[in-house]
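Numbers restart at 1 for each chain; the letters A, B, ... are given by sequence-line order, proteins then strands. Quick caveat, the model's predicted, so the values are computed rather than measured. When reading the values below, keep in mind they use all heavy atoms of this one structure, side chains included, and skip hydrogens, waters and symmetry mates.
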Number of protein chains: 2
Amino acid sequence: MRIGELSKNTGFQVETLRFYEKQGLISPVGRTESGYREYDQESLKQLHFIQQAKSVGFSLNEISELLTLRVERDQHSCSEVKTIAEQKLVQIESKINELNKMRDALHKITDACCGGPEPATSCTILNALDNV
Amino acid sequence: MRIGELSKNTGFQVETLRFYEKQGLISPVGRTESGYREYDQESLKQLHFIQQAKSVGFSLNEISELLTLRVERDQHSCSEVKTIAEQKLVQIESKINELNKMRDALHKITDACCGGPEPATSCTILNALDNV
DNA sequence: CTTGACCCTATAGTAGACTTTAGGGTTTAT
DNA sequence: ATAAACCCTAAAGTCTACTATAGGGTCAAG
């Protein structure tokens, strides 16, 4: 399968696939005489893996690490994999907490504002942002 | 007050202050003969405003917009301000939702993993990321 | 045998929010 | 008077994850 077909089968754009190759995430099985990349089912599987990993919040660097573990499964322990996953979980949760705090703070000052057509001369939102 | 003192009083790095000036967020009251920026209490207030706005999730572009409203309070209505705040609230909430989904998905596959010292040959996390 | 779809490389650009570098004046304390 | 600390500008670099551009081969169909 050439890159265009791989693109259709995975939803990743052709440029993205070449970019992922440069990042070391995937690589073609070989090249045709004319230099075209050739891919097989394994590439397809790897890209599905990448899609899934992205969807649960892993960065490309982290995915690269996970792909290594995936390929070298027998040389690595479950705990190694779980540790990475748990770290990501902590990161996601701390982002959620941060955003929750933002939402609450913003909610509070937004609720206090009348939102009416009158000039914002003493707008509670602007005032709230003023007073530290 | 020169830029170094403003930096100390606000916690923003000197380079960041100059960067903010380039972005149109702040500007010195004037310059000394030798070209040094000079700031007053208003700069301090603006930077506190910026800090607060950042802390509730506004981007620099949005803060720039808010600063304009802040300065031209009488020419703008409360509803203008509130609209911006509410839009941001919606954005923050949708980010939270997205992260919640990620957390749940990751939680599910992480919980299923034993996390033990055995090889990751049939690690449930790696498998989960494999199977779309 | 030519046209269009497809492929290649290398390099640059995008967004956001800064940080770093290079090169060079000014002020202040000793 | 000199060294440290501080200030200036312009331009380039950082990070993430791509996207776009320029310029140029290859393959299948008509």
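The phosphate of C:dT19 has OP1 or OP2 within less than 4.0 Å of a side-chain N or O from B:Gln13. Checking the phosphate oxygens (OP1, OP2) of D:dC7, no side-chain nitrogen or oxygen of B:Arg37 falls inside 4.0 Å.
The nearest whole Å value for the distance from the CD atom in B:Glu65 to the P atom in C:dG16 is 13 Å. Residue A:Leu6 contributes atom CG, which lies 10 Å from atom P of C:dC7 at whole-angstrom precision. The distance from atom CG of A:Leu47 to atom C1' of D:dC18 is 15 Å, rounded to the nearest whole Å. A:Gln51 has its CD atom 15 Å from the P atom of D:dA17, to the nearest Å. Going from atom CZ of B:Arg31 over to atom C1' of D:dC6 covers 14 Å, rounded to whole Å. The CD-C1' distance, from B:Glu15 to D:dC7, rounds to 11 Å in whole Å. Rounded to an integer number of Å, the gap from A:Glu5 CD to C:dA5 C1' is 14 Å. Remark: C1' of D:dC6 and CG of B:Leu17 are 14 Å apart, rounded to the nearest angstrom.
A heavy-atom distance below 4.5 Å is not found between the side chains of B:Asn61 and B:Glu65. No side-chain heavy atom of B:Arg2 sits under 4.5 Å from any side-chain heavy atom of B:Arg37. You'll find the side chain of A:Leu66 reaches within 4.5 Å of the side chain of A:Phe49, heavy atoms only. You'll find the side chain of B:Cys113 reaches within 4.5 Å of the side chain of B:Cys123, heavy atoms only. A heavy-atom distance below 4.5 Å is found between the side chains of A:Gln41 and A:Leu44.
Using a 4.0 Å cut-off between a side-chain N of Lys or Arg and a carboxylate O of Asp or Glu, B:Arg70 and A:Asp130 qualify as a salt bridge.
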Revision key, fill the gap. With B for base contact, S for sugar-phosphate-only contact and - for none (protein heavy atoms under 4.0 Å), nucleotides 23-30 of chain C reads --BBS---
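Two residues, A:Ile3 and B:Lys54, neighbour DNA chain C, and the one matched to the more 5' nucleotide by heavy-atom proximity is A:Ile3.
Sorted by residue number, the members of residues 18-27 of chain B with any non-hydrogen atom under 4.0 Å from DNA chain D read B:Arg18.
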Check your understanding: Could you walk me through whether A:Glu62 and A:Lys88 pass the salt bridge (Lys or Arg N to Asp or Glu O under 4.0 Å) check?
Key -> CA-CA 9 Å; A:Glu62 290 158 346; A:Lys88 177 51 62 179; 3.0 Å; yes
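Put simply, B:Ile84 and A:Leu99 are part of the same group of oily side chains (I, L, V, M, F, W, Y) that touch within less than 4.5 Å, one to the next.
Applying the salt bridge (Lys or Arg N to Asp or Glu O under 4.0 Å) rule to A:Glu86 yields no partners; only residues at least two apart in sequence or on another chain are considered.
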